[in-house]
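What follows is a single structure, written as structure tokens, with notes after it.
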Amino acid sequence: MLNKEQQEAVEYLDGPLLILAGAGTGKTRVLTSRIIHLINSFEAEAHQILAVTFTNKAAFEMKHRIENQIGDGAKNIWSGTFHSIASRILKRHPEIVGINSDFTIIDGDDALRLIKQIINELEIDVKNYPAKNYLYQIQRFKDKGLKPEKLNSKDFHHHNLPKLAQIYQIYQSRLKNLNAVDFGDLLLYNLEVFEKSPDVLEYYQNKFQHILVDEYQDTNNCQYQWLLKLASKYKNICAVGDDDQSIYSWRGAEIKNILRFEKDFQNTKIIRLEQNYRCTSNILKCASHVIKNNNQRHDKTLWSEANEGEKIKLISFFDERSESQEIAQIIDDLQGKIKLSEIAILVRAGYQTRAFEEAFIANSLPYRIIGGLRFFERREIKDVIAYLRVIFNESDDLALQRIINLPKRGIGNATITKLLSQGANTNSSLFLTVKRGINNGSIKGKMKEALTKFINDIENFKEFSRQNKLDELVKNILNDTGYLQMWKNENTPDAASRVENLKEFISSLEDFASLADFLDHVSLVTNTENETLNKDMVNIMTIHSAKGLEFDTVFIVGLEEGIFPSSRSIEERDGLEEERRLFYVAITRAKKNLYLTHAQNRVVFGNFQASLASRFLSELPQDILDVKSSDNFYNSYDSFSMKKKSDNFSYQSKEKSKSGFLNKRIFHQKFGYGKVVEINGEKLEIIFEKTGQKTVMKNFVQLQ
DNA sequence: TTGATCGATTTTTTT
DNA sequence: AATCGATCAA
């Protein structure tokens, strides 16, 4: 059943509609119901509907739900991520922007390789001006819809990156020569298509009678312009968003797109969804209380009919090891009572997952890391894909560079650089340059032998791929080039798992009819829909990848200054507000139980150091908190644990004070384990295992 | 050209 | 702690 506002949002058909949907208010249901309603009421046919999301997962889920209700007709709906839809459109009109329809979509790795090449040629000091800063800035330009020729000095001056505009321009022309586009280009070229060809634009304006956009607060300027153009004729655009959940400004997202929606589309109807169906009222209260600290937001009141539920648990640990270790213990105790798959550990940054992985392995708790190292991003998989790219398109220099000396063929950096500059001079691809060099004798000896074999291999694979299935092709590549052998020779557990991944990769290829099909798929779909999803495992992931998900029990961990909020966000303008929204998103993932944890010490860049509790913890509503501390240390939040701790001390002093501390292993609440090397009255000299020698009062250590 | 070694640098977040 | 890049000997 839909509530009154949801129903209205589904049925409203008189032009632009903005749905401000708070966390857990059922926006996905509204979106899918609306699409079904459009079709069932004959307002639009499936192929006249455009539904845009940010993640493949969201798009997939939406489509799946609609298919369940109206069957195969749903297949004609244009639904997908901004990038996949833009790619689909660009494939139909590539000539307008001067590329071919078999363009390659390159990922961040390739883009970075290209930028590095360019800044090397321009002799820019990479030490002071790293390539990735350039790449980042260029991506931001693209997010704003700014092409190199449209830049004016104020756009790039303040970035303190020499020759930024020039590099951007060269980067674009190189991509064009390679018949390649990056993620940002997909949208950017769409805009160019629409500008250069009003007919094409009009075709899509007419085609898409109804446009629906999910997560509208995460659109960047380029996507915004794209939507504006497509919707400007019929103005049947329905955007769903929540300014409190905007967490992608670092990728160019602009909250103001929500604010200006009303101005861009006259007579916009605004519907607010404020009834939360997900969380207990305690969790909701916690989230609302936190987000109120932000200034830049629309004030809104989420409410719910749910019970208070459990209190929010706030737990403090000695260090990140005991944090992960004891959380594993807590979960172990819960096992049997609740499903593990209904538990999530949410971290601020990817590297934090490691401690949990280790703790879960130690406690033999099943877990999965969502969004971590994605399948198609693994090195061995990218290598094979690079082979496929070269086979599909021998002019794909970026892919060729990746594999020309993999496995090792004796083609070193010097040779590659030489070949590249030769290629640049003659305006020909790397592949062609190599071939030419072999023929005209400029490549000689061992080098010639190796490169001839390589070129022949590629041509053979090309031939083979015309007659054979994709998985057979890959098997041949792995065997004939010695790539598989390379890993097998390594004989490490790591290499073994790479071999396994390659096997998995081969079996995943069965679904694809052609190489072109596969390459299209792989460039835009980042992860294989993993089959482990149904298994009962604890979920570990970053908060960003948890967006849109919900779990019975959620642990938000590492709530410390410098981690959450992240150290960078503390310095950035508006950084803290976004960080707080991130916290808000994290809190509202929880349906029933919420644990907030932090460690008092943590290893940062290999150094064990004190870690301050996050400022966000002081923004929590105290009355619904249940504050606990791990038994091992002093905790500033909880007088109860202090008392318990001092009990421990008195017990110790009775039993152990006479036995002497010298040369004994001790534990200190703040510094951890150490060995006593000297006693001066009440003071002890201790060499701590992690922090070195310190002077500490006798009363503050326990014998182990 | 390769592999070893040293030192610098790193940690947001992702389509 | 772990990775990346620069440097150098073989």
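Between A:Trp250 and B:dT13, a base-stacking contact is recorded: ring centres under 5.5 Å apart, planes less than 30° from parallel.
The separation between A:His521 atom NE2 and B:dT15 atom C1' is 14 Å, rounded to whole Å. Rounded to whole angstrom, the span from the CZ atom of A:Arg409 across to the C1' atom of B:dT2 amounts to 16 Å. As rounded to whole Å, 19 Å separates atom P of B:dT15 from atom CG of A:Asn190. A:Gln609 places its CD atom 16 Å from the P atom of B:dT10, with the value rounded to the nearest Å. For A:Asp143 and B:dT15, the CG to P distance is 14 Å, given to the nearest whole Å. Rounded to a whole Å, the CD atom of A:Glu577 is 22 Å from the P atom of B:dT13. When rounded to the nearest whole Å, the span between CD of A:Glu579 and C1' of B:dT11 equals 12 Å. At whole-Å resolution of the value, CZ in A:Arg568 and C1' in B:dT11 are 8 Å apart.
Among the atoms of the strands shown, only primed sugar atoms or phosphate atoms (P, OP1, OP2) are found under 4.0 Å from some heavy atom of A:Ile411. Residue contacts shown for A:Tyr351 include a base, since a base heavy atom lies under 4.0 Å away. In this structure, A:Glu572 reaches the bases: a heavy-atom distance under 4.0 Å links it to at least one base atom across the strands shown. Contacts of A:Gly108 with the nucleic acid, taken as non-hydrogen atoms under 4.0 Å apart, are absent. Within 4.0 Å of A:Ser569, counting heavy atoms only, lies no atom of the nucleic acid at all.
Evaluation of the salt bridge (Lys or Arg N to Asp or Glu O under 4.0 Å) test over residues 405-419 of chain A, restricted to residues two or more places apart or in two chains, returns none. A salt bridge (Lys or Arg N to Asp or Glu O under 4.0 Å) check over residues 101-110 of chain A, counting only residues at least two apart or in different chains, returns the pairs A:Asp107-A:Lys382, A:Asp109-A:Lys382, A:Asp110-A:Arg113, A:Asp110-A:Arg389.
For the atom pair A:Gln325 CD and A:Phe317 CZ, the distance stands at 10.5 Å (nearest 0.5 Å).
Annotation: proximity of residues 78-86 of chain A to DNA chain B (heavy atom, distance under 4.0 Å) is found for A:Thr81, A:His83, numbered in ascending order. Residues from residues 212-227 of chain A lying near DNA chain B, meaning a heavy-atom separation below 4.0 Å, are absent.
Of the candidate nucleotides B:dT15, B:dT11, B:dT14, B:dT14 has the atom lying nearest to any side-chain atom of A:Ser545. The side chain of A:Thr55 lies closest to B:dT15 when the candidates are B:dT1, B:dT10, B:dT15. Comparing atom distances between the A:Arg251 side chain and each of B:dT15, B:dT11, B:dT13 picks out B:dT15 as nearest.
Paired with A:His93 under the rule ring-ring contact (aromatic ring centres under 6.0 Å, His included), one option of A:Phe194, A:Tyr204, A:Phe103 passes, and it is A:Tyr204.
Between A:Glu358 and A:Arg321 there is no salt bridge, since no side-chain N of the basic residue sits under 4.0 Å from a carboxylate O of the acidic one.
Remark: the A:Ser246 side chain and the A:Asp243 side chain contain no N/O donor-acceptor pair separated by less than 3.5 Å. Side-chain contact of A:Arg297 with A:Tyr584: a donor-acceptor pair under 3.5 Å is absent, judged by distance alone. Looking only at atom types and distance, the side chain of A:Gln245 has no donor-acceptor partner in the side chain of A:Asp218 under 3.5 Å away. Side chains of A:Glu578 and A:Ser249: a donor-acceptor N/O pair is present below 3.5 angstrom, by distance only. No hydrogens or angles considered: nothing links the side chains of A:Asp397 and A:Gln401 as a donor-acceptor pair under 3.5 Å. Checked by atom type, the side-chain pair A:Asp143/A:Gln139 shows no donor-acceptor distance below 3.5 Å.
Contact annotation: A:Thr415 side-chain N/O to B:dT1 OP1/OP2 distance is under 4.0 Å. Listed pair A:Thr542 / B:dT14 meets the phosphate criterion, a side-chain N or O lying under 4.0 Å from OP1 or OP2. Remark: A:Lys132 is in phosphate contact with B:dT11, judged by side-chain N or O atoms under 4.0 Å from OP1 or OP2. An OP1 or OP2 oxygen of B:dT2 is reached within less than 4.0 angstrom by a side-chain nitrogen or oxygen of A:Asn405.
Comparing A:Thr53 and A:Phe605 along DNA chain B, the residue whose closest nucleotide (by nearest heavy atom) sits nearer the 5' end is A:Phe605.
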How far apart are the C-alpha atoms of A:Tyr168 and A:Phe141, what are their side-chain angles, what is the distance that settles it, and do they pass the ring pair (Phe, Tyr, Trp, His ring centres under 6.0 Å) test? CA-CA 9 Å; A:Tyr168 182 16; A:Phe141 286 147; 5.7 Å; yes

Stepwise, does the salt bridge (Lys or Arg N to Asp or Glu O under 4.0 Å) test hold for A:Glu121 with A:Arg174? CA-CA 13 Å; A:Glu121 289 163 21; A:Arg174 291 282 164 89; 2.8 Å; yes

Tell me, with the steps shown, if A:Trp250 and A:Tyr248 meet ring pair (Phe, Tyr, Trp, His ring centres under 6.0 Å). CA-CA 5 Å; A:Trp250 49 273; A:Tyr248 283 105; 5.4 Å; yes

Pairs: protein N or O with nucleotides 3-7 of chain C N or O, under 3.5 Å:
| from | atom 1 | to | atom 2 | distance (Å) |
| --- | --- | --- | --- | --- |
| C:dG5 | OP1 | A:Lys116 | NZ | 3.1 |

Strictly under 3.5 Å: I want the nitrogen or oxygen pairs between protein and nucleotides 3-5 of chain B, one per line.
| from | atom 1 | to | atom 2 | distance (Å) |
| --- | --- | --- | --- | --- |
| B:dG3 | OP2 | A:Lys408 | NZ | 3.4 |

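Only the C1' atoms considered, B:dT11 is 23 Å distant from C:dA6, to the nearest whole Å.
Surrounding CG of A:Asn413 are at most 12 heavy atoms belonging to other residues, nucleotides or ligands under 6.0 Å away. Shown here is A:Lys488, whose NZ atom has no more than 12 heavy atoms of other residues, nucleotides or ligands within 6.0 Å.
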